[in-house]
**Q** 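To start, I am sharing the structure in question, which I have written as structure tokens.
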Amino acid sequence: MAAQSEIQSRFPVSPASRCGGHIVVRQLRGSEESACDAFFGQLHWYDVRWRFGGPRTSGGCLLPRREGFCQSLAFAASSEAGDILGIINVEYLDADTAEVALIVRSDLKHQGIGALLLSHVMNWSRTSGLKWLTGHVMTDNKAMLRLALAAGFICVGGDQALVELNWPIDTAA
Ligand SMILES: CC(C)(COP(=O)(O)OP(=O)(O)OC[C@H]1O[C@@H](n2cnc3c(N)ncnc32)[C@H](O)[C@@H]1OP(=O)(O)O)[C@@H](O)C(=O)NCCC(=O)NCCS
């Protein structure tokens, strides 16, 4: 299990970026539909497929939602100018477990933004009351698999299409 300091040392704290300046990670509000649409408009279709397993038509699918028992949160990496550079969604599956999934603006991949978002949620989860983070990644999504495994997630199952990964949240770290 990775302690908090280990998680931080595994990831670049300040992603080297062409987005310029400081990047902040903040909670995304359900009302930020137009900002999400602007972000969605800068995604390649194949990145949307990696994230959702199929096509989507607008950024609304990245917003947090609350429908009946279904509750989710989202965090956005934002530039100083307020542009959304990446989004990580956290969906509660039950009282102990939440599923995470992320996407980075297509022209800004491989610069550490995904690692920044994932480490933020791993650190946030320590005080969330959750016991597990889980994720499902397509078997051919090598970048996401490398990122999750480097962060400390463990493969616990899957099939020909998807790998299931878990991270037991270490609240003592
Ligand atoms: C997968 C995705 C979110 C990663 O975001 P990113 O900002 O490009 O990723 P990062 O730059 O932070 O880190 C990923 C890279 O750093 C590497 N990395 C991160 N931490 C590392 C470590 N400790 N040791 C070694 N490598 C590490 C990863 O292996 C990966 O390498 P690559 O850039 O050569 O592929 C992004 O590519 C994306 O949006 N893809 C489309 C949507 C998607 O696949 N979502 C996942 C659905 S679950």
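Every heavy atom of this structure was used, including side-chain atoms; hydrogens, water molecules and symmetry mates were not. Just so you know, ligand 1 is whichever comes first in the structure, and atom 1 is the first atom listed for that ligand.
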**Q** Can you find an N or O of Met144 that's nearer than 3.5 Å to an N or O of ligand 1?
**A** no
**Q** Does any N or O of ligand 1 fall below 3.5 Å from an N or O anywhere on Gly114, backbone included?
**A** yes
**Q** Of all the atoms in ligand 1, which lie at a distance below 4.0 Å from a heavy atom belonging to Leu102?
**A**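 By the 4.0 Å cutoff, the relevant atoms are 3 (C), 42 (C), 43 (C), 45 (N), 46 (C), 47 (C).
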**Q** So which heavy atom on Arg51 is nearest to which on Leu102, and how close?
**A**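 The answer is CD-O, 3.5 Å.
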**Q** Can you find an N or O of Arg51 that's nearer than 3.5 Å to an N or O of ligand 1?
**A**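 N/O-N/O distance below 3.5 Å does not exist for this pair.
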**Q** As an exercise, identify every atom of ligand 1 less than 4.0 angstrom from a heavy atom of Gly112.
**A** 10 (P), 11 (O), 12 (O)
**Q** Within a distance under 4.0 Å of any heavy atom of Ile103, pick out the atoms of ligand 1 and give their elements.
**A**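 So the answer, numbered in order with elements, is 39 (O), 42 (C).
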**Q** Could you give all pairs that pass the salt bridge (charged side-chain N to carboxylate O under 4.0 Å, His left out) test and reach residues 88-99, with sequence neighbours left out?
**A** Arg65-Glu91, Asp96-Lys131
**Q** At a 4.0 Å threshold, what atoms of ligand 1 neighbour a non-hydrogen atom of Asn141?
**A** 43 (C), 44 (O), 46 (C)
**Q** Look at atom 4 (C) of ligand 1 and find which of Leu145, Leu147, Val100 reaches it with the closest heavy atom.
**A**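 Nearest heavy atom to atom 4 (C) of ligand 1 lies in Leu147.
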**Q** Answer yes if Leu28 and Phe52 sit in the same cluster of Ile, Leu, Val, Met, Phe, Trp and Tyr residues linked by side chain heavy atoms under 4.5 Å apart, and no otherwise.
**A**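 Yes.
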**Q** Trp50 to ligand 1: N or O pair under 3.5 Å?
**A** no
**Q** Compute the shortest N/O to N/O distance between His136 and ligand 1 and return yes if it is under 3.5 Å, no if not.
**A**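 It does not: no N or O of His136 is found under 3.5 Å from an N or O of ligand 1.
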**Q** Enumerate the atoms of ligand 1 whose separation from the nearest heavy atom of Ala115 is less than 4.0 angstrom.
**A**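 Answer, ordered by atom number: 12 (O).
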**Q** If every non-hydrogen atom of Val163 is compared with every non-hydrogen atom of Cys155, which pair is closest and at what distance?
**A** CG1-SG, 3.7 Å
**Q** Go through the structure and list residues passing side chain to side chain donor-acceptor pair (under 3.5 Å) with Ser58, not counting sequence neighbours.
**A** none
**Q** Taking Val137 as the fixed residue, which of Leu147, Leu145, Leu149 is the one that meets the side chain to side chain contact (heavy atoms under 4.5 Å, CB included) rule?
**A**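 Answer after filtering Leu147, Leu145, Leu149: Leu145.
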**Q** Would you say Arg26 has more than 12 foreign heavy atoms packed within less than 6.0 Å of its CZ?
**A**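 Yes, enclosed.
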**Q** Can you check salt bridge (charged side-chain N to carboxylate O under 4.0 Å, His left out) on Asp47 and Lys109, steps first, answer last?
**A** CA-CA 10 Å; Asp47 285 333; Lys109 293 193 297 183; 2.8 Å; yes
**Q** For Met138, which part has a heavy atom under 4.0 Å from ligand 1: side chain, backbone, both, or neither?
**A**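 Under 4.0 Å from ligand 1, Met138 contributes no heavy atoms.
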